[in-house]
Amino acid sequence: MKRTLRAALAIATLYGGSLCVAHAAQSPLEINACELLTPAEISAAIGLPVDNGRRQDEGMSRDGQYSSSCIWMIEPGKAPDATAPARGRRFVILNAMQWPAGRDMARKFLQAFHDSAEKGIIASKPSPRKFGDEALWWGDGLAVRRGDVSFGLSVFMPQRNGVRTSAMEEKLAPHVLRRLDQKSAV
């Protein structure tokens with residue numbers, strides 16, 4: 001978990017902040033990560049129950065993007081396994097960023113994963129996936145962009161018995177993209 005969060009924080013820092021800052025005041029660019037997935041969709045994709053999710057927004061950054069995170073705990077009523085890494089915490093996290101129109105920042109966000117791999121910040125070389133306008137798997141999650149929105153999606157399950165989390169994240173990405181399309185159509 002520490003490696004995953006450290007890599008995500010390093011990439012987020014390249015674009016103005018961290019993942020855990022209190023909810024900011026509403027702005028025209030505000031995006032709500034918790035509205036982009038439902039607990040039922042997550043449970044269907046991973047095969048385990050999740051809670052309702054907890055929103056943690058970074059809010060507006062100095063470069064004009066709005067960042068929202070939502071974390072859903074997997075099997076919230078089950079006691080963590082003390083022998084598993086990070087005391088058995090298992091969760092799904094979605095970090096969504098709404099970028100200012102026309103500045104191509106969503107594309108630059110995905111490029112940061114390639115740059116981070118070259119610098120050794122993340123261990124895996126990103127590999128392309130077919131979602132949105134562009135997507136990649138970076139070893140610990142899926143990063144996707146659609147227009148001026150980008151999002152990172154990770155399923156953290158320390159003891160997953162050989163199940164690839166990338167398959168789970170790839171089941172969830174279409175739900176996020178569908179909701180983004182619905183919001184942009186309004």
Trainee: Does the Ser68 side chain pair with the main chain of Ala33, one donor and one acceptor, at a distance under 3.5 Å?
Mentor: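 Yes, the answer is positive, given that a donor and an acceptor are paired below the 3.5 Å cut-off.
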Trainee: How long is the span from the CE atom in Met157 to the CD1 atom in Ile46, to the nearest 0.5 Å?
Mentor: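 One gets 5.5 Å once the value is rounded to the nearest 0.5 Å.
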Trainee: Roughly how far, to the nearest 0.5 Å, is CD of Glu58 from CD of Gln56?
Mentor: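 Reported value, rounded in 0.5 Å steps: 11.5 Å.
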Trainee: If I take atom CG from residue Leu94 and atom CZ from residue Phe151, how far apart are they, to the nearest 0.5 angstrom?
Mentor: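 Here the interatomic distance stands at 7.0 Å.
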Trainee: Let me confirm one number: the OG-CE distance from Ser150 to Met97, rounded to the nearest 0.5 Å.
Mentor: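 Here the rounded value is 3.5 Å.
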Trainee: Applying side chain to side chain contact (heavy atoms under 4.5 Å, CB included) to Met168 and Val92, what does each step give before you reach the verdict?
Mentor: CA-CA 10 Å; Met168 295 175 197; Val92 174; over 6 Å; no
Trainee: Between CG of Leu172 and CG of Leu37, what distance do you get to the nearest 0.5 Å?
Mentor: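 That separation rounds to 5.5 Å.
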Trainee: Without placing hydrogens or testing angles, list every side-chain donor-acceptor pair under 3.5 Å for residues 141-149, not counting sequence neighbours.
Mentor:
residue: Arg145; atom: NE; partner: Glu134; partner atom: OE1; Å: 2.8
residue: Arg146; atom: NH1; partner: Asp181; partner atom: OD1; Å: 2.5
residue: Arg146; atom: NH1; partner: Asp181; partner atom: OD2; Å: 2.7

Trainee: Of the non-hydrogen atoms in Cys34 and Arg54, which two are nearest, and what is the gap between them?
Mentor: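 Here Cys34 and Arg54 meet closest at SG-C, 3.9 Å.
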Trainee: Got a second to check how far Gln111's CD is from Met105's CE, nearest 0.5 Å?
Mentor: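 Rounded to the nearest 0.5 Å, the CD-CE separation comes out at 12.5 Å.
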Trainee: List the steps, then state whether side chain to side chain contact (heavy atoms under 4.5 Å, CB included) holds for Ile42 with Val155.
Mentor: CA-CA 10 Å; Ile42 296 169; Val155 175; over 6 Å; no
Trainee: Taking all non-hydrogen atoms of both residues into account, name the closest pair between Ser124 and Gly139 and its distance.
Mentor: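 Closest approach of Ser124 to Gly139, heavy atoms only: OG-CA, 3.7 Å.
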Trainee: For Ser43 and Val50, which heavy atoms make the closest approach, and how far apart are they?
Mentor: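 Nearest heavy atoms, Ser43 then Val50: OG-N, 3.4 Å.
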Trainee: When you measure from the side chain of Ser154 to the backbone of Asp140, do you find a donor-acceptor pair of N or O atoms at a distance under 3.5 Å?
Mentor: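 Confirmed, Ser154 side chain pairs with Asp140 backbone.
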Trainee: Of all the heavy-atom pairs spanning Leu136 and Leu110, show the shortest one and how long it is.
Mentor: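 Shortest heavy-atom contact: CD2-O, 3.7 Å.
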Trainee: How close do Leu153 and Ala173 get, heavy atom to heavy atom, and via which atoms?
Mentor: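 It is CD2-N, 4.0 Å.
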Trainee: Would you check if the side chain of Arg179 reaches a backbone N or O of Leu36 as a donor-acceptor pair within less than 3.5 Å?
Mentor: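 Yes, the answer is positive, given that a donor and an acceptor are paired below the 3.5 Å cut-off.
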Trainee: What's the shortest heavy-atom distance between Lys108 and Arg103, and which atoms?
Mentor: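 The answer is NZ-O, 4.0 Å.
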Trainee: Any salt bridge between Glu169 and Arg129, counting N to O under 4.0 Å?
Mentor: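 A salt bridge is absent here (no side-chain N lies under 4.0 Å from a carboxylate O).
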